[in-house]
There are 2 protein chains.
Amino acid sequence: MSETIQGLAVELKQTFLDYLASKGLKNTTQRMIILEVFLEQKSHLSTEELYLKVRGKNPKVGYATVHRTLKLFAECGIAAERHFGDGQGRFELVHGEDHHDHLVCTGCGLILEFENPQIEELQEDVARQHRFTIENHRLELYGLCPACASK
Amino acid sequence: MSETIQGLAVELKQTFLDYLASKGLKNTTQRMIILEVFLEQKSHLSTEELYLKVRGKNPKVGYATVHRTLKLFAECGIAAERHFGDGQGRFELVHGEDHHDHLVCTGCGLILEFENPQIEELQEDVARQHRFTIENHRLELYGLCPACASK
DNA sequence: ACATAATTGAAAATGGTTGTCAATATAAAC
DNA sequence: GTTTATATTGACAACCATTTTCAATTATGT
Ligand SMILES: [Mn+2]
Ligand SMILES: [Mn+2]
Ligand SMILES: [Zn+2]
Ligand SMILES: [Zn+2]
């Protein structure tokens, strides 16, 4: 069950509710609407983009609330904020412990994800060589996707 | 001679002058002051930081001119703009074809540089697997430097 | 020196993000 | 259910790095 889309959504929602409770925060209609809409979308959405989707479902929700709620998602670990050089933050769902990096098409904005354990290991080597304690990293490859390259 | 610091400075200045000429742009006092001060500093300076240094030498130079000139440096290839997540662009000198990535201390802001050909190769593999034509990439490792880790 | 076009610096505009605050909603206590 | 204390909301303003505007100035070719 925890492998299905439905099960995942339930799990993430519970994580969020637990986080709210643990911090003495309140479970509001707006937060639930925003979470539901967020779960329906594909990843890498900007605040603005999610705000427009949320308005489609409930026009009374304000931009600031969407933004604050996305920050909360990131705080409790169900979402991560990313920056791909277009000057605005984008949020994506986080599933458990998986980590991935990104290929970004500078032509059409397409974002692909990849995992490469060898690169991760080499990064750790680099960190060790410099006696750095790594907290996180970012690796992004920018270029043209096949479709854009053939134009 | 082209290996000495002096020789390098002369070379970069010439590259810039050639770029100006090729674009029908003008060689001004401000641009030369900004280039000279930029060459004297260590890398990864923000516009604001360089602006303050330039004012020390000539208080009449404006912030916008410093910013526009840094953009010109980047355009002609003698500088590169970087972003390390603190919300402001930073510029560094570019020497020839070398490429490097960065370790960034989240404690004190220290920035170390490293080169890792194996990682570069693996990145190319990833790009090939997805039929992407890579134009550039960014790899940054964030964490604590030895000094900050031992506090 | 003259003409043309680029440059400059001060100030305002921009745009994503974050802060303010009075009105409202939540959840626990009564 | 009612009261009470506290968190939340949404409209708006503030923030801040960056970019644009524009009249005055400067560089360059003739
Ligand atoms: Mn992703
Ligand atoms: Mn560097
Ligand atoms: Zn594309
Ligand atoms: Zn440090």
Side-chain angles (χ1 to χ4, degrees), chain A residues 16-38 44-76 79-91 109, chain B residues 13 16-37 44-76 79-91 109:
Chain A
F16 183 53
L17 291 175
D18 291 348
Y19 181 77
L20 292 180
S22 75
K23 293 279 183 180
L25 305 178
K26 290 170 179 171
N27 178 6
T28 67
T29 311
Q30 288 90 335
R31 284 174 176 163
M32 285 307 112
I33 290 174
I34 293 165
L35 178 54
E36 275 160 28
V37 175
F38 184 56
H44 312 121
L45 260 74
S46 66
T47 302
E48 177 72 21
E49 285 165 353
L50 187 62
Y51 169 63
L52 293 176
K53 299 282 186 183
V54 168
R55 280 193 77 84
K57 185 165 287 191
N58 185 333
K60 291 179 302 187
V61 179
Y63 182 97
T65 300
V66 173
H67 183 263
R68 287 184 288 229
T69 304
L70 281 169
K71 292 284 187 188
L72 277 182
F73 293 168
E75 272 177 47
C76 77
E81 185 171 358
R82 304 279 196 174
H83 294 263
F84 297 122
D86 63 349
Q88 64 189 325
R90 295 180 172 278
F91 293 82
Chain B
K13 185 179 279 190
F16 183 53
L17 291 174
D18 290 349
Y19 181 77
L20 292 180
S22 76
K23 292 279 183 179
L25 306 179
K26 291 171 180 172
N27 178 7
T28 68
T29 311
Q30 287 91 334
R31 284 174 177 164
M32 285 306 112
I33 290 174
I34 294 166
L35 178 54
E36 275 160 28
V37 175
H44 311 124
L45 260 74
S46 67
T47 303
E48 178 71 22
E49 286 165 352
L50 186 62
Y51 169 64
L52 293 176
K53 299 282 187 183
V54 168
R55 281 193 76 86
K57 185 165 286 190
N58 185 333
K60 292 179 304 188
V61 179
Y63 181 96
T65 301
V66 172
H67 183 262
R68 286 183 288 227
T69 304
L70 280 169
K71 290 285 187 187
L72 277 181
F73 293 167
E75 272 178 47
C76 77
E81 185 171 358
R82 304 279 195 173
H83 294 263
F84 297 122
D86 65 347
Q88 64 189 324
R90 295 181 173 277
F91 292 82

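Model, not experiment: these values are computed from the prediction. Lettering follows sequence order; numbering is per chain, from 1.
- If you run side-chain contact (heavy atoms from CB on, under 4.5 Å) between A/T69 and each of A/I34, A/V61, A/L35, only A/I34 comes through.
- Across its full length, the helix from C/dA1-D/dT30 to C/dC30-D/dG1 shows an angle of 20° between the axes of its 5 terminal pairs at either end, rounded to 10 degrees.
- For the pair A/M32 CE and D/dT8 P, the computed distance is 12 Å after rounding to whole Å.
- Within the model, atoms NE2 of B/H83 and CZ of B/R90 stand 10.5 Å from one another, a figure rounded to the nearest 0.5 Å.
- Across the interface with DNA chain D, nearest-nucleotide mapping of A/L72 and A/R55 shows A/L72 to be the residue nearer the 5′ end.
- The separation between B/D86 atom CG and D/dT18 atom C1' is 14 Å, rounded to whole Å.
- With rounding to whole Å, B/L17 atom CG is found 10 Å from D/dT28 atom P.
- Residues forming a salt bridge (Lys or Arg N to Asp or Glu O under 4.0 Å) with B/K57 (at least two apart in sequence, or on another chain): B/E40.
- A/L45 contributes atom CG, which lies 10.5 Å from atom CZ of A/F91 (distance to the nearest 0.5 angstrom).
- In this structure, B/F73 has its ring center under 6.0 Å from that of B/F16.
- A distance of 16.0 Å separates CD in A/E36 from NZ in A/K53, rounded to the nearest 0.5 Å.
- The NZ atom of B/K13 sits 6.5 Å away from atom CE of B/M32, with the distance rounded to the nearest 0.5 Å.
- A salt bridge is defined here as a Lys NZ or Arg NE, NH1 or NH2 lying under 4.0 Å from an Asp or Glu carboxylate O, and A/K23 with A/E75 fails to meet this definition.
- Atom P of nucleotide C/dT7 and atom CG of B/N58 are separated by 18 Å, given to the nearest angstrom.
- Here C/dG16 presents its C1' atom at 13 Å from CD of A/E49, a figure rounded to the nearest Å.
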For nucleotides 18-30 of chain C, read 5' to 3', which letter fits each nucleotide if B means a protein heavy atom sits under 4.0 Å from the base, S means only the sugar-phosphate is that close, and - means neither? SBB-----BS---
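- Between the P atom of C/dT7 and the NZ atom of B/K60 lies a distance of 19 Å, rounded to the nearest Å.
- Comparing atom distances between the A/V61 side chain and each of D/dT18, C/dT17, D/dG10 picks out D/dG10 as nearest.
- If you take CZ of B/R31 and P of C/dG9, they are 11 Å apart, rounded to a whole angstrom.
- The separation between A/Y51 atom OH and D/dG10 atom P is 9 Å, rounded to whole Å.
- Within the model, atoms CG of A/L50 and NE2 of A/H67 stand 11.5 Å from one another, a figure rounded to the nearest 0.5 Å.
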